[in-house]
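First up is the structure itself, then whatever we jot down about it.
Sequential numbering from 1 along the given sequence is applied to the chain's residues.
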Amino acid sequence: VQEMPRKATDYQSHDSDLPLRVKLWEKPHSPGPLTEDELKQFWEEGFVIKHAVVPVELVDSALESVESLIDELATKLQKAGKIQDTCSEADVHRRLILLEEQFPHAGVLLHKNGVLPQSFQELWAHRNMLDIAEQILGPEVAGHPVWNLRCKTPDRTNQGQATVPWHQDNSYFHEEAWDKLILTAWLPLVDTNSQNGCMQVVKGGHKTGRTCTHICCVGGTWYTSVEEKEMKETLGLEVEPNIVTCEVPKGDLLFMGRNSNLRMLSQNSQKAEHETHVSSRG
């Protein structure tokens with residue numbers, strides 16, 4: 001796959017008004033789940049982890065929906081002659097790995113299948129989620145139609161499809177959206193850590209409002225990517241000392257802006273890790 005740079009437009013890369021626009025997004029603290037310090041962190045660092053946003057029981061219900069999706073996928077793959085064993089005895093944490101050992105990239109087929117299960121709808125519309133969105137975006141909130149279910153299996157079975165390189169979400173949006181405040185919520189369905197593929201962010205990288213020049217696509221994936229050298233030159237900060245590893249337990253959420261700098265680590269455990277991403281804007 002030829003890697004082609006996706007360049008930021010001149011005015012977005014060099015406009016001196018961009019930091020002011022980012023500053024104007026900031027809103028004073030209002031009543032809601034985020035404390036005053038947590039909201040301040042979001043504005044200053046470009047992300048915040050909020051604890052106990054949604055009930056664990058609701059997250060478990062979403063994981064049960066993933067289990068059903070994997071079961072449907074296994075049946076389809078077997079009928080298509082792609083696998084011999086549906087591995088029906090394995091649990092949700094192991095089954096997809098076993099399927100990928102027979103049919104590489106099986107997890108990609110779950111990334112977007114056009115169906116938003118009821119349990120996921122309930123997560124997205126949970127009162128705490130909406131209240132936090134209002135604290136950051138204001139009273140008028142629109143849910144973005146983009147949502148992702150990412151089932152992270154080890155690289156040995158997914159061949160790098162579940163490891164997401166450094167990027168800004170802006171690189172997936174049309175340039176007309178690059179100066180708009182869009183909120184992303186990362187919700188893991190299991191406890192996450194550096195071994196099973198949690199998220200990393202670069203704190204403060206959002207402040208310039210600039211979008212780096214990204215490469216697309218990385219390897220055999222559809223992912224955009226930005227080199228650390230480009231991040232340093234465009235965003236004006238040292239990357240390494242500002243990297244924060246976000247180990248998010250089940251029920252907690254990581255909130256980020258669309259020009260925050262993030263990546264998803266490799267999955268090195270023997271259990272699949274499942275997560276969902278939803279976006280909204282004011």
Using side-chain hydrogen bond (donor to acceptor under 3.5 Å, both in side chains) as the criterion, list what pairs up with K203, not counting sequence neighbours.
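Listed in chain order: nothing, the list is empty.
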Could you report the tightest heavy-atom contact between [X] and [Y], atom names first, then the distance?
{"X": "R258", "Y": "A177", "value": "NE-O, 3.6 Å"}
{"X": "T192", "Y": "C246", "value": "OG1-O, 4.2 Å"}
{"X": "A90", "Y": "L98", "value": "CB-CD1, 3.7 Å"}
{"X": "A106", "Y": "L73", "value": "O-CD2, 3.4 Å"}
{"X": "I136", "Y": "L181", "value": "O-CD2, 3.8 Å"}
{"X": "V248", "Y": "I49", "value": "CG2-CD1, 4.1 Å"}

Side-chain donor/acceptor of [X] to backbone N/O of [Y], under 3.5 Å:
{"X": "H214", "Y": "C212", "value": "yes"}
{"X": "T221", "Y": "V218", "value": "yes"}
{"X": "W186", "Y": "M199", "value": "no"}
{"X": "K50", "Y": "V48", "value": "no"}
{"X": "N196", "Y": "N193", "value": "yes"}
{"X": "T234", "Y": "E230", "value": "yes"}
{"X": "H29", "Y": "L34", "value": "yes"}

So T245 and C198, side-chain contact (heavy atoms from CB on, under 4.5 Å) or not? Walk me through it.
CA-CA 7 Å; T245 300; C198 71; 3.6 Å; yes
Any side-chain heavy-atom pair of [X] and [Y] under 4.5 Å:
{"X": "L183", "Y": "F255", "value": "yes"}
{"X": "S65", "Y": "F120", "value": "yes"}
{"X": "T224", "Y": "C217", "value": "no"}
{"X": "L123", "Y": "L187", "value": "yes"}
{"X": "T208", "Y": "L18", "value": "no"}
{"X": "Q267", "Y": "T163", "value": "no"}
{"X": "W166", "Y": "V201", "value": "no"}
{"X": "L235", "Y": "K232", "value": "no"}

Could you walk me through whether Q168 and V226 pass side-chain contact (heavy atoms from CB on, under 4.5 Å), step by step?
CA-CA 8 Å; Q168 294 166 292; V226 60; 5.7 Å; no
How long is the span from the [atom1] atom in [X] to the [atom2] atom in [Y], to the nearest 0.5 Å?
{"X": "M129", "Y": "E134", "atom1": "CE", "atom2": "CD", "result": "13.0 Å"}
{"X": "D85", "Y": "Q102", "atom1": "CG", "atom2": "CD", "result": "5.5 Å"}
{"X": "K180", "Y": "N259", "atom1": "NZ", "atom2": "CG", "result": "12.5 Å"}
{"X": "K40", "Y": "E45", "atom1": "NZ", "atom2": "CD", "result": "10.5 Å"}
{"X": "E101", "Y": "L96", "atom1": "CD", "atom2": "CG", "result": "10.5 Å"}
{"X": "L262", "Y": "H206", "atom1": "CG", "atom2": "NE2", "result": "13.0 Å"}

Take C151 and V66, measure what side-chain contact (heavy atoms from CB on, under 4.5 Å) needs, and give me the verdict at the end.
CA-CA 9 Å; C151 299; V66 174; 4.2 Å; yes
Centroid-centroid distance, H111 to W222, less than 6.0 Å:
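Aromatic pair counts; centres sit under 6.0 Å.
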Assess the residue pair Q135 and S30 against the criterion (side chain to side chain donor-acceptor pair (under 3.5 Å)); give the C-alpha distance rounded to whole Å, side-chain angles, the decisive distance to 0.1 Å, and a yes or no.
CA-CA 6 Å; Q135 285 184 283; S30 58; 4.6 Å; no
Without hydrogens or angle criteria, can the side chains of T86 and Q78 be said to hold a donor-acceptor pair below 3.5 Å?
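Note: T86 and Q78 side chains miss the donor-acceptor criterion.
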Say whether S119 and S61, considering side chains only, have a donor N or O and an acceptor N or O under 3.5 Å apart.
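No, no side-chain donor-acceptor pair sits under 3.5 Å.
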Name all pairs fulfilling the salt bridge (charged side-chain N to carboxylate O under 4.0 Å, His left out) condition that reach into residues 240-256, sequence neighbours left out, sorted by first residue then second.
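Qualifying pairs: D60-K250.
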Please step through side-chain contact (heavy atoms from CB on, under 4.5 Å) for the pair L116 and W124, ending with a clear verdict.
CA-CA 10 Å; L116 186 65; W124 198 357; 3.9 Å; yes
Verify same cluster id: L39, V141 (apolar side-chain graph, 4.5 Å):
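Looking at the clustering, V141 is in the same group as L39.
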H167: which residues meet the ring-ring contact (aromatic ring centres under 6.0 Å, His included) condition with it, sequence neighbours left out?
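For H167, the residues satisfying ring-ring contact (aromatic ring centres under 6.0 Å, His included) (neighbours in sequence not counted) are Y172.
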